Amino acid sequence: MQVANRVESLEPYPFVEISRKIAEKRAQGIEVITFGIGDPDLPTPGPILQALHTAADDPANHRYPESEGLPELRQAISEWMQDRFGVTFSPETEILPLIGAKEGIAHLPLCFIDPGDIALVPDPGYPVYKTGTMFAGGTSHLMPLLEQNAYLPDLDAIPADVADAAKMIWLNYPNNPTGATATPEFFERVVAFAQQHEIVVCHDNAYSDVAYDGYVPPAFMQTDGARDVGIEFYSFSKTWNMTGWRIAWAAGNPELINAFMRVKSNIDSGIPQAIQRMAIAALQADQDLIVRNNARLQDRRDRVVGACQKIGLTVTSPKASLYVWARVPEGQTSTEFASRLLEEKDVVVTPGPAFGASGEGYVRLSLTVPDADLEEGVRRIGEFTNA
Ligand SMILES: *Cc1c(COP(=O)(O)O)cnc(C)c1O
């Protein structure tokens, strides 16, 4: 059997390899602590789950949903965005519910990329920007995210012919994997750049509400002109511990949303309606849930950052996201460091290059580790002799 080139050229999804190593160790009876995967360990809050129970019993929710989502959901999203960002979006034409941000990110390039077209993609970055572009027949021009630039892409470093040829630019702040955040001024530069080169801006704001020390991440859509050039992804996954339920949304330019809707209605049949009811409950719940969740994560962040510093890793304490991005000592690669930590201490961290070549020299530690395991993991890291 001959699979298509697009399948042939797929690199293994980074976590497949890590999961295999963990399984091997665990099969030998070893207790492995993993800081590897960014999937909230805390449960979905009770009131949100209750909405699912109720909705599951209603036969109205047993049938095909509409691709564009329940009007009540789009309305609730619009109201939440108004409260949270002070920006008004039409529930009919400027908001589109998704089966997770990942689904939307993978499919959006089908709207803008023809074979041979270019997308600008951050490196390191969430792998789906690149694969979604490749599935649509396009190629990715990588934008290095460097520590000396605060992990923002240097837009001036993009060659003019590439910028003119590019159809889309992917950005993600608060950032996975670096934990970096963007300023409103940076977003203003992005709007100007997109206008100059006629590029669609796709901002992945999956961590819009995972933040610490009172920091409130901005939305790209708060920027003047953003609605003329772009679309932004938001997710229930990290904000409300809902990764397992698969629901998110996009908001932005009505022409983009319309194209997206037309593509998606040919691929999926929407989000199970009981899950949409859950999402409405999340948007309308006491938002103190989020504050309490972030307080727990902030405590974990401080312990993980402390452990890294204790063994001489250079880290900046992240203001947002679920990740600590730590520079490994001179003279070691990310993979050498991660392998030694796993071999000697049975602790998993993700080598930076799993997110792209510019991640070399760093490892990522996720804060989605149950408190007791985190304590043990931090203890083991603290004992690691970092020769
Ligand atoms: C987790 C994550 C997503 C995926 O969110 P879902 O809504 O669960 O699909 C998207 N982008 C980034 C950067 C993420 O870290």
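In this text the structure is predicted, and so the values were computed from the model without any measurement. For ligands, and for the atoms within them, numbers begin at 1 and follow the listed sequence.
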Quiz item: Do Lys102 and ligand 1 have an N or O pair less than 3.5 Å apart?
Solution: yes
Quiz item: Atoms of ligand 1 less than 4.0 Å from Ser237 heavy atoms?
Solution: 6 (P), 7 (O), 8 (O)
Quiz item: Do you know which of Glu68, His107, Glu103 makes side chain to side chain donor-acceptor pair (under 3.5 Å) with Lys264?
Solution: Glu103
Quiz prompt | Test of proximity, Thr243 against ligand 1: N or O pairs below 3.5 Å | solution = no
Self-check item: Asp204, any N or O under 3.5 Å of ligand 1 N or O
Solution: yes
Quiz item: When you measure from atom 5 (O) of ligand 1 to every protein heavy atom, which one gives the shortest distance, and what is it?
Solution: Ala101 CB, 3.7 Å
Quiz item: Can you tell me if Arg246 has a non-hydrogen atom under 4.0 Å from ligand 1?
Solution: yes
Self-check item: Glu103 N/O to ligand 1 N/O under 3.5 Å
Solution: no
Quiz prompt | Between CG on residue Asp373 and CZ on residue Arg300, distance to nearest 0.5 Å | solution = 9.5 Å
Quiz item: Are any of the N or O atoms of Tyr126 closer than 3.5 Å to those of ligand 1?
Solution: no
Quiz item: What part of Phe236 sits under 4.0 Å from ligand 1 if we count only heavy atoms: the side chain, the backbone, both or neither?
Solution: neither
Quiz prompt | Salt-bridge criterion met for Glu375 and Arg379 (N-O under 4.0 Å) | solution = no
